[in-house]
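These notes are about the structure you will find just below.
A note on names: the letters A, B, ... follow the listed sequences, proteins ahead of strands, and every chain is numbered from 1. All of these numbers come straight from a predicted model, not from anything done at the bench.
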There are 2 protein chains.
Amino acid sequence: MYDKNKIKLAIVDDHPMILEGLKSLLEKDTKFLVFSFTKGTAVIDFIQENKIDVVLLDIVLSDGNGLDFCKIIKQKAPQSIVIALSNQAERSIIFRFLENGGNGYILKNADSLEIIEGIEKALIGDLALSKEVQEIMLRTSVTDFELPRLTKREKQILQAIAKGNTSAEIAEQLFISLITVETHRRNLLQKFKAKNMMELVKIATENQLI
Amino acid sequence: MYDKNKIKLAIVDDHPMILEGLKSLLEKDTKFLVFSFTKGTAVIDFIQENKIDVVLLDIVLSDGNGLDFCKIIKQKAPQSIVIALSNQAERSIIFRFLENGGNGYILKNADSLEIIEGIEKALIGDLALSKEVQEIMLRTSVTDFELPRLTKREKQILQAIAKGNTSAEIAEQLFISLITVETHRRNLLQKFKAKNMMELVKIATENQLI
DNA sequence: TTGTTTCTAATGGTTTACCATGATTTTTTA
DNA sequence: TAAAAAATCATGGTAAACCATTAGAAACAA
């Protein structure tokens with residue numbers, strides 16, 4: 001069962017179906033030994049006790065997000081290779097994942113060949129990026145402008161706006177004047193160079209700012 | 001290879017990874033013979049030439065939706081069993097799928113055991129419903145507010161609104177009067193009993209309506 | 001402690017969104 | 001083909017969002 005020469009893989013995804021399917025798929029290649037996890041915290045516990053070569057990590061998890069887990073894994077087990085395996089195709093997310101030490105990013109619409117090739121690339125020290133991810137990263141487009149950062153209050157207000165609350169409602173909830181809420185709205189629109197709140201909320205949610 | 005006694009399964013999903021994983025998983029059980037498809041139209045062509053026992057059908061597909069494909073499959077091959085295998089947990093979608101002749105509905109957060117049990121249940125004529133699906137179906141009308149359906153035009157307009165377009169811009173884009181756009185807005189708000197468009201867009205995106 | 005940012009609040013005005021109601025034409029479906 | 005559903009346009013009004021500018025108080029960092 002246990003074989004020192006096998007590549008030890010951990011897969012983290014909160015869909016048991018994907019987890020089992022991927023495990024079954026990867027273990028067809030006998031050089032892989034696969035451990036699977038539905039929680040990010042579980043895999044972090046595991047890697048501290050057991051040496052793992054590669055972690056395939058979903059970005060959206062029930063107990064946190066893959067960006068943070070990647071950072072933690074890299075702190076606790078720097079020798080482990082961490083590859084994102086996600087539906088998240090947002091440009092900024094990909095960059096943030098790699099910034100956090102990730103060794104690759106593969107979209108879930110990739111096929112098994114791309115995944116296996118990605119793992120092998122990462123094992124020899126290359127970045128493992130699926131085709132579509134490379135395209136997204138190369139997009140040098142209009143969308144590529146430095147995202148403003150939100151203050152605590154702005155985030156609070158933007159979250160309320162995104163829920164459908166009106167300025168009056170928000171003022172009441174936060175015990176501040178309607179005028180103040182409207183000032184925050186204006187500042188937000190200027191910061192983001194957005195035409196209206198709908199556009200701003202779209203940008204903010206796409207970039208996980210709220 | 002071909003064995004008359006094997007249960008012939010078709011899996012339709014637009015993620016190659018899920019497709020391959022599930023195929024690998026199900027074929028561990030040697031009584032299954034699995035064919036996989038990424039397009040709904042492809043599986044419809046296939047079942048007309050080849051007898052298939054069970055179709056596992058995703059609801060969200062690139063070339064249409066599983067609700068319609070289920071209906072078509074049941075017309076062209078009434079003996080085939082059709083089971084939804086989807087992330088869509090919307091109560092109304094589940095009912096509509098079963099209305100269209102579906103023999104079961106399994107959520108993608110189910111594990112492989114639930115899927116195999118579901119297939120076996122459906123083969124003996126029972127409804128194949130995963131645990132969570134049953135819970136959703138039993139939810140009484142308190143939590144259950146039936147999601148309205150969007151017409152083609154409404155969907156188009158709502159998508160534009162969600163992007164941050166104003167009514168005037170949308171009118172221009174679609175070559176219709178500003179008044180018409182505003183009428184659609186009003187109808188949408190009424191349909192969804194929403195206070196404003198921000199709330200409505202939130203509901204619509206959460207339920208993958210747009 | 002002194003800048004800097006953030007949060008707060010105000011005036012006054014424009015634009016856009018939302019509300020109520022009604023009606024014609026086109027398209028879909030039974 | 002008749003009935004139903006969807007898409008179109010209209011009037012007239014209210015509420016909310018957006019725009020420009022200013023400014024004091026509080027929190028925070030150099």
Sorted by position of nearest nucleotide on DNA chain D, 5' first, the leading residue of B/Leu178 and B/Asn196 is B/Leu178

Can you pull every protein N or O that's under 3.5 Å from an N or O on nucleotides 19-22 of chain D?
{"residue": "D/dT21", "atom": "O4", "partner": "A/Arg186", "partner atom": "NH1", "Å": "2.8"}

ask   = Can B/Arg186 and B/Glu182 be counted as an ion pair, charged N to O under 4.0 angstrom?
value = no

Is a salt bridge present between B/Asp13 and B/Lys23, judged by a nitrogen-to-oxygen distance below 4.0 Å? no

Notebook entry, point to check: Between B/Asn187 and B/Glu154, does any side-chain donor sit less than 3.5 Å from a side-chain acceptor?
Noted result: no

*asked:* Could you tell me if A/Ser86 and A/Lys108 have a donor-acceptor pair between their side chains, going purely by distance under 3.5 Å?
replied: no

Closest to the side chain of B/Arg185, out of D/dC18, C/dA9, C/dC18, is C/dC18

Without decimals, in angstroms, what is the distance between [X] [atom1] and [N] [atom2]?
{"X": "A/Ile157", "N": "C/dA9", "atom1": "CD1", "atom2": "C1'", "value": "13 Å"}
{"X": "A/Phe175", "N": "C/dC7", "atom1": "CZ", "atom2": "C1'", "value": "17 Å"}
{"X": "A/Lys191", "N": "D/dC18", "atom1": "NZ", "atom2": "C1'", "value": "18 Å"}
{"X": "A/Asn187", "N": "C/dA9", "atom1": "CG", "atom2": "C1'", "value": "12 Å"}
{"X": "A/Ile170", "N": "C/dC7", "atom1": "CD1", "atom2": "P", "value": "14 Å"}

On the nucleotide [N], are OP1 or OP2 found under 4.0 Å from the side-chain N or O atoms that [X] carries?
{"X": "A/Thr166", "N": "D/dA16", "answer": "no"}
{"X": "A/His184", "N": "C/dT8", "answer": "yes"}
{"X": "A/Thr151", "N": "C/dT6", "answer": "no"}
{"X": "B/Arg153", "N": "D/dA7", "answer": "no"}

Overall bend of the helix from C/dT1-D/dA30 to C/dA30-D/dT1 (five pairs an end, 10° steps) is 70°

Can you tell me how far [atom2] of [Y] sits from [atom1] of [X], rounded to the nearest 0.5 angstrom?
{"X": "B/Leu158", "Y": "B/Leu209", "atom1": "CG", "atom2": "CG", "answer": "8.0 Å"}
{"X": "A/Gln156", "Y": "A/Ile176", "atom1": "CD", "atom2": "CD1", "answer": "8.0 Å"}
{"X": "A/Leu19", "Y": "A/Thr38", "atom1": "CG", "atom2": "OG1", "answer": "7.0 Å"}

Q. Do B/Glu199 and B/Asn196 come within less than 4.5 Å of each other through their side chains, counting heavy atoms only?
A. yes

| request: Would you mind classifying the nucleic acid contact of B/Ile176 as base, sugar-phosphate or nothing, using non-hydrogen atoms under 4.0 angstrom? | output: sugar-phosphate

Of B/Met197 and B/Lys152, the one whose nearest nucleotide on DNA chain C sits closer to the 5' end is B/Met197

Across all chains, not counting sequence neighbours, the salt bridge (Lys or Arg N to Asp or Glu O under 4.0 Å) partners of A/Lys163 are none

